[in-house]
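Working notes, structure below.
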2 protein chains.
Amino acid sequence: MGATPDNTDAGTPDDRHEHDVERFIEAWGRMGSVWGISRTMAEVHALLYITGEAMCTDDIMAHLEISRGNASMSLRALLDWGVIARVHRRGDRKEYFQAEQDIWSIFRAIVRERVKREVDPLLVSLHEIRDRTREHGDKPETDIDRRLDQMIVFFEDATRLADRFTGPSGSGLKLAASLLNASDKVVGRVGGRSSKRKGTG
Amino acid sequence: MGATPDNTDAGTPDDRHEHDVERFIEAWGRMGSVWGISRTMAEVHALLYITGEAMCTDDIMAHLEISRGNASMSLRALLDWGVIARVHRRGDRKEYFQAEQDIWSIFRAIVRERVKREVDPLLVSLHEIRDRTREHGDKPETDIDRRLDQMIVFFEDATRLADRFTGPSGSGLKLAASLLNASDKVVGRVGGRSSKRKGTG
DNA sequence: TATTGTTTTCAGAAGATTTTGAAAACAATG
DNA sequence: CATTGTTTTCAAAATCTTCTGAAAACAATA
């Protein structure tokens, strides 16, 4: 496969975009950490997403210059996250992979997975801790109890919110849209510093 | 998940909670990755948050069994994130540190910081890539262009949303509250399908 | 069944991140 | 300015994560 030509501008649309594709892959890969996925995994996803094509393991290995093992594991993980899908081609024994194209679906899949992996276990722990604290019965409300409660309430609200976003297809989008519109009314001008009296700080 | 084989209950409320404090620190530390902070940093924050007390470096070193260097760096990072504050005590040369107690403030600080560090640079890259793509002029709309656009729109919306949440004190809370209430109307009976987080695992 | 093409696995290598500890820098006081 | 207590820095060590590559497993075909 042709490496980068000396002249970054090329004739055909495909060539023209080659450089941009690389740049996108790089940017998206760097971003990986935010979503809790490794750089390579993010790059594989970037490649599949931005090209929109179905690719086999060898295509991916070649394009990203990674080992077969790494490609295999990254693809598997992306399948687990539900952001890419297997594609079969008649008369071809290889498996192909294609990225989900709707960015909202991608986002929902990631949020769903992260909440499941990170927030849910935390909530379980928090509940266990609080219940143990409470079973003493006599002293229901220490400062520590109150802080635990605060935190549980917060994360339960957050989970509920995430559930809405990741709910049935389309609702997340609608929800966000309504939020972006409605919030003006609720919050007022965002830019403006509303002269609210503040509490202790 | 071993419970307590021997009875760790002690008489005083302080002793009673010691074990729970440890558990909370552990849980919160494990959570760190989600927020993009290291385990120790999260543990330092957990300790300060759950006790609510102002502590000096030595207190923290002793409690978490970490080195002075580590404590110093973690505290500095937490200060940068804006989730703890310095406290001075008359006649004491040591510095003390105390955690922000309002969990919404903590959340806002973290979101603000992460957007700044991760999303903003991505958006810059995305814009650069698209602009370069566009400057060819002749073919304004390839599939790749369209996907880049999609992504830019998405992250700009997301940033705007995050800005609202992290905006003037209190508004994030109101916004979330309104969202949790309003979303029933907007989305319809999403809750119909029970979105329970429990599960057996 | 043997053959051939493809995917998965996983131990060890490579790489990245976090932690330590001791020295340097800093700052308050005598 | 010397002393003493405190905080910061950073090279090296420890630890954790990711990646490789070759072997094993799998699957389609003859």
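A quick note: this is a predicted structure, and the numbers were derived from the prediction, not measured. Below, chain A is the first sequence line, B the second, and so on; all start at residue 1. Just so you know, these numbers use all the heavy atoms, side chains as well, and skip hydrogens, waters and symmetry mates.
- Note: A:Tyr49 and A:His45 have parallel aromatic rings, judged against thresholds of 30 and 60 degrees for the angle between ring planes.
- Side-chain contact of B:Arg86 with B:Gln98: a donor-acceptor pair under 3.5 Å is absent, judged by distance alone.
- Spacing between atom CZ of A:Arg86 and atom P of C:dT6 amounts to 16 Å, rounded to whole angstrom units.
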A correct 5'-to-3' footprint of nucleotides 11-26 of chain C, with B, S and - meaning base, sugar-phosphate only and no protein heavy atom under 4.0 Å, is -------SSBB-----
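- Between the CZ atom of A:Arg89 and the C1' atom of C:dT6 there is a distance of 16 Å, given to the nearest Å.
- The NZ-P distance, from B:Lys94 to D:dT4, rounds to 17 Å in whole Å.
- Between the side chain of A:Glu53 and the backbone N or O of A:Met55 there is no donor-acceptor pair closer than 3.5 Å.
- In this model, a donor atom of one side chain and an acceptor atom of the other lie less than 3.5 Å apart for B:Asp145 and B:Thr142.
- Taking a 6.0 Å sphere around CZ of A:Arg117, one finds it holds more than 12 heavy atoms contributed by other residues, nucleotides or ligands.
- Under the 4.5 Å side-chain criterion, counting only non-hydrogen atoms from C-beta, B:Trp81 is in contact with B:Ile37.
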Produce the list of close N/O pairs, under 3.5 Å, pairing protein atoms with atoms of nucleotides 27-30 of chain D; give distances to one decimal.
from, atom 1, to, atom 2, distance (Å)
D:dA27, N3, A:Arg93, NH2, 3.4

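- Taking atom NE2 of A:His88 as the reference point, atom P of C:dT7 lies 10 Å away to the nearest angstrom.
- The CG atom of B:Asp59 sits 14 Å away from the C1' atom of D:dT6 (whole-angstrom rounding).
- The cationic group of B:Arg108 does not satisfy the cation-pi geometry with B:Phe165, failing either the under 6.0 Å distance to the six-membered ring centre or the 45° limit from the ring axis.
- Under the 3.5 Å distance criterion, with hydrogens and angles disregarded, a donor-acceptor pair is assigned to the side chains of A:His127 and A:Glu156.
- Side-chain contact, B:His63 with B:Glu43: no donor N or O sits under 3.5 Å from an acceptor N or O.
- In this structure, A:Asp58 places its CG atom 14 Å from P of D:dG21, rounding to the nearest Å.
- With rounding to whole Å, B:Leu79 atom CG is found 12 Å from D:dT7 atom C1'.
- Rounded to an integer number of Å, the gap from B:Asp92 CG to C:dT29 P is 11 Å.
- Closest contact between the side chain of A:Arg76 and the listed nucleotides D:dT6, C:dT9, C:dT7 involves C:dT9.
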